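Note that the structure is predicted; figures quoted are calculated from it, not measured. Side chains are part of it too, since the values below use all heavy atoms of this structure and drop only hydrogens, waters and symmetry mates. Start at 1 with the first residue, then count along the sequence.
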Amino acid sequence: MPGSSLQDDLRTLGFDVQAAADVTEATTLVAAAPADARVALVDPRFIGHTHALRLGLTDPRFPAAAVAGALTAQPEARPALLRALRGATTASGTGTPGGAGTLVADRTLPGRLAAALDAGGEAVQRPELGSLVAAVPTDDAGRAAARAAVDAVDDEAVRLRSAVKARDGFFTTYCISPYSRYIARWCARRGLTPNQVTTASLLTALIAAGCAATGTRGGYVAAGVLLLLSFVLDCTDGQLARYSLQYSTMGAWLDATFDRAKEYAYYAGLALGAARGGDDVWALALGAMVLQTCRHVVDFSFNEANHDAVSNTSPTAALSDRLDSVGWTVWLRRMIVLPIGERWAMIAVLTAVTTPRIVFYALLVGCALAACYTTAGRLLRSLTRRARRTDRAAQALADLADSGPLARLVARAPRPGGGLTAPLLALAGSLALVAVALTAPFGSGLTVGAAAVYAITSGLAVARPLKGALDWLVPPIFRAAEYSTVLILAARSEVDGALPAAFGLVSAVAYHHYDTVYRIRGGTGAPPQWLVRTIGGHEGRTLVVAVLAAVLTGRTDLTVALTVLASAVALVVLVESIRFWVSSGAPAVHDEGEPA
């Protein structure tokens, strides 16, 4: 239309613009476009913000998307678009955009095509625009009103605000995001990608870990500063992805795993630094990692168990909603769970002014309180809600359980009806294993026997679908049992290097468990069964560590054995994870996640 900047706006978004006189010509142009290209149909009367078009036409996560007067289709949705276009040509008779069609709110050709795609089973994403304008006025008064609405809203200010995660922790919201969003814009204008910023964040954290490993006060101060800088970059990468809509499979993998890699590498750096000063805190470092990981597994399991629960009602959830209506309680409850921003700020400050031992004491206390708070809330919700678990939820919990060949063999064996529930079976076997590992003479065959019993109870716990009200507790119980057993046996061995080797083993296994979570979240299911069988499952690894501790009692060979086991698990898990996340079958998502 005269005076419109629409063509320039579309070129700014990366489109080659061509004009079509009618539906027939539009069909020809779409069919002639390269097979691997995204195409868009935009009504020439469109008036709106450039960012509204960006949200509607360039988000890579959705095969088809639309805003008023504009529709886009990625290669996988183009066959459905062509069918809809040919149907529109037939229905219109004259081949003009104003022909007859299905009664829809958006009567433009893109609007009618979007309705046809929805009706044909091709889901069309319609982004929330908020104060942004996307309209196709049909008269002069409407066009004037639409242009006035566009002028009244600062497109760039909205884009910057929307780059910040909607729900985040107090420290991130008030101490990082007010300026990190501008860093994200600076990166976007210079062509930097979220993956590059994510990698920079990882490298910064690794340098921070190296500084902490020096064991000097100057090194600790530098480590604290660099850890905070790493967190700023960690916030920036997500904001850059949302600002420029640069979502990718590789980005999903990097974002999902690098936070844990950074945190655990920093723990190792602190432990190495403390050792230089004559203080052995490897057990505390491993304990902090175990507690933090188990805390996350509680969140993951609960969320997956209730992802699509039917009749999901709970007085506890209603009380939580009422508390959220009071501003200060929202921030208090977010801070209590010690999300990543508050946690990293605490670690950075304490590193700079105290010692690694105090850092780990604070972490253990803080994470323990947070774990008690969140787990208690989830228990209350589970006990008070009336919900029927779905098959999808049960399968997700079974995948998170990470049962290996031994547990699966037991699960397939005939068993009488009734008996203990899955969480009680898992808890009984886990408590028995941990108690024996703590109290039996080190190297005793009792620990091996307890590990064998643990494998049996683990199989019995997953023998039936995990659809009970508290069955989401099974995966975190298994994680706590496996990780704690490795920690206890390595600490009691009193062999040089056993605890660092155990730290490496738990790190590799934890990576596998986080990888499983993010695959399930992406809708692609858990890692393949051959991978779980190869690394033994949680019960198989626990039994192997118990046998190694019994056979290699008091010998440095235990450190070598744990190191070899850790390296083997890490190699297999990382190779398969990288293959999956860089493949075309991985989900093109960027995790918004919980602020933990």
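Within the 4.5 Å cutoff, the side chain of Leu400 has heavy atoms near those of the Val517 side chain. Within the 4.5 Å cutoff, no side-chain heavy atoms of Leu240 are placed close to those of Arg185. Taking 4.5 Å as the limit, some side-chain heavy atom of Cys367 sits within range of a side-chain heavy atom of Leu338. No side-chain heavy atom of Arg242 sits less than 4.5 Å from a side-chain heavy atom of Ser162. At least one side-chain heavy atom of Val434 sits under 4.5 Å from a side-chain heavy atom of Leu438. Looking at Phe580 and Thr524, their side chains come closer than 4.5 Å, going by heavy atoms from C-beta outward. With a 4.5 Å cut-off on side-chain heavy atoms, Leu270 and Val281 do not count as touching. For the pair Val67/Leu55, no side-chain contact is recorded, criterion being any heavy-atom separation below 4.5 Å from C-beta on.
The ring-ring contact (aromatic ring centres under 6.0 Å, His included) analysis of residues 336-355, with sequence neighbours excluded, yields the pairs Phe231-Trp344.
A donor-acceptor pair is defined here as one N or O able to donate and one able to accept, closer than 3.5 Å; no such pair exists between the side chain of His512 and the backbone of Pro527. When atom types are taken as modelled, the side chain of Asp280 and the backbone of Trp282 share a donor-acceptor pair closer than 3.5 angstrom. At distances below 3.5 Å, at least one donor-acceptor pair connects side-chain atoms of Arg38 with backbone N or O atoms of Leu57. Using modelled atom types, no side-chain atom of Thr72 and backbone atom of Ala64 make a donor-acceptor pair closer than 3.5 Å. In this structure, the side chain of Thr172 does not engage the main chain of Gly169 through any donor-acceptor pair within 3.5 Å. Asp255 contributes no side-chain N or O that, together with a main-chain N or O of Gly251, makes up a donor-acceptor pair within less than 3.5 Å. Using a distance-only test at 3.5 Å, with no hydrogens or angles considered, no donor-acceptor pair links the side chain of His51 to the main chain of Arg159. No side-chain donor-acceptor contact under 3.5 Å links Arg521 to the backbone of Phe300. At distances below 3.5 Å, not a single donor-acceptor pair connects side-chain atoms of Ser577 with backbone N or O atoms of Val573. The backbone N or O of Val509 sits nowhere less than 3.5 Å from a side-chain atom of Arg541 that would complete a donor-acceptor pair.
Considering all non-hydrogen atoms of both residues, Leu466 and Ala422 come closest at CD2-CB, 3.8 Å. Across all their heavy atoms, Ala396 and Ile520 have their closest contact at O-CD1, 4.0 Å. Looking at every heavy atom in both residues, His49 comes nearest to Val150 through NE2-O, 3.0 Å. Across all their heavy atoms, Ala510 and Thr293 have their closest contact at CB-CG2, 4.2 Å. Looking at every heavy atom in both residues, Cys294 comes nearest to Tyr483 through SG-CD1, 4.2 Å. Leu192 approaches Gln246 most closely through the heavy-atom pair O-NE2, 3.8 Å.
Not counting sequence neighbours, Tyr266 has no partner by the ring-ring contact (aromatic ring centres under 6.0 Å, His included) test. With sequence neighbours left out, Thr354 forms a side chain to side chain contact (heavy atoms under 4.5 Å, CB included) with Leu350, Ile358, Val359. Taking Phe170 as the reference, Tyr174, Trp331 meet the ring-ring contact (aromatic ring centres under 6.0 Å, His included) condition, with sequence neighbours excluded. In this structure, the side chain to side chain contact (heavy atoms under 4.5 Å, CB included) partners of Pro528, at least two apart in sequence or on a different chain, are Arg519, Trp530, Leu531, Glu576. Every residue meeting the side chain to side chain contact (heavy atoms under 4.5 Å, CB included) condition with Ile336, not counting sequence neighbours, appears here in chain and number order: Leu332, Tyr373.
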What do the steps show when you test His513 against Asp402 for side-chain contact (heavy atoms from CB on, under 4.5 Å), and what is the final call? CA-CA 8 Å; His513 290 143; Asp402 191 34; 2.9 Å; yes
Starting from the C-alpha separation in whole Å, work towards a yes-or-no answer on side-chain contact (heavy atoms from CB on, under 4.5 Å) for Thr50 and Arg54. CA-CA 6 Å; Thr50 304; Arg54 180 181 291 105; 4.2 Å; yes
Report the C-alpha separation of Gln395 and Asp399 in whole Å, then their side-chain angles, then the decisive distance to 0.1 Å, and conclude whether the side chain to side chain donor-acceptor pair (under 3.5 Å) test is met. CA-CA 6 Å; Gln395 182 59 52; Asp399 292 335; 2.9 Å; yes
Give the intermediate values and the outcome of side-chain contact (heavy atoms from CB on, under 4.5 Å) for residues Leu487 and Leu499. CA-CA 7 Å; Leu487 166 60; Leu499 275 169; 4.0 Å; yes
Determine, stepwise, if the pair Gln239 / Ser180 fulfils side-chain contact (heavy atoms from CB on, under 4.5 Å). CA-CA 8 Å; Gln239 291 165 359; Ser180 61; 2.8 Å; yes
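Separating the CG atom in Leu202 from the OG atom in Ser230 is a distance of 7.5 Å, to the nearest 0.5 Å. With rounding to the nearest 0.5 angstrom, the OG1 atom of Thr214 is 10.0 Å from the CZ atom of Arg217. Atom CD1 of Ile176 sits about 7.0 Å away from atom CG of Leu228, to the nearest 0.5 Å. Here the straight-line distance linking atom OG1 of Thr421 with atom CG of Leu473 works out to 9.5 Å at 0.5 Å rounding.
The pair Asp234-Lys262 meets the salt-bridge criterion, with a side-chain N (NZ, NE, NH1 or NH2) lying under 4.0 Å from an Asp/Glu carboxylate O.
A cation-pi arrangement is not found for Arg181 relative to Tyr243, the charged atom failing to lie both closer than 6.0 Å to the ring centre and inside a 45° cone about the ring normal.
Not less than 6.0 angstrom separates the ring centroid of Phe503 from the ring centroid of Tyr267.
Ring geometry for Tyr264 against Tyr514 counts as tilted: the plane angle lies between 30° and 60°, on a 0 to 90° scale.
Around CZ of Arg276, the count of heavy atoms belonging to other residues, nucleotides or ligands within 6.0 Å does not exceed 12.
If you check the side chains of Trp581 and Asp515, you find a donor sitting under 3.5 Å from an acceptor.
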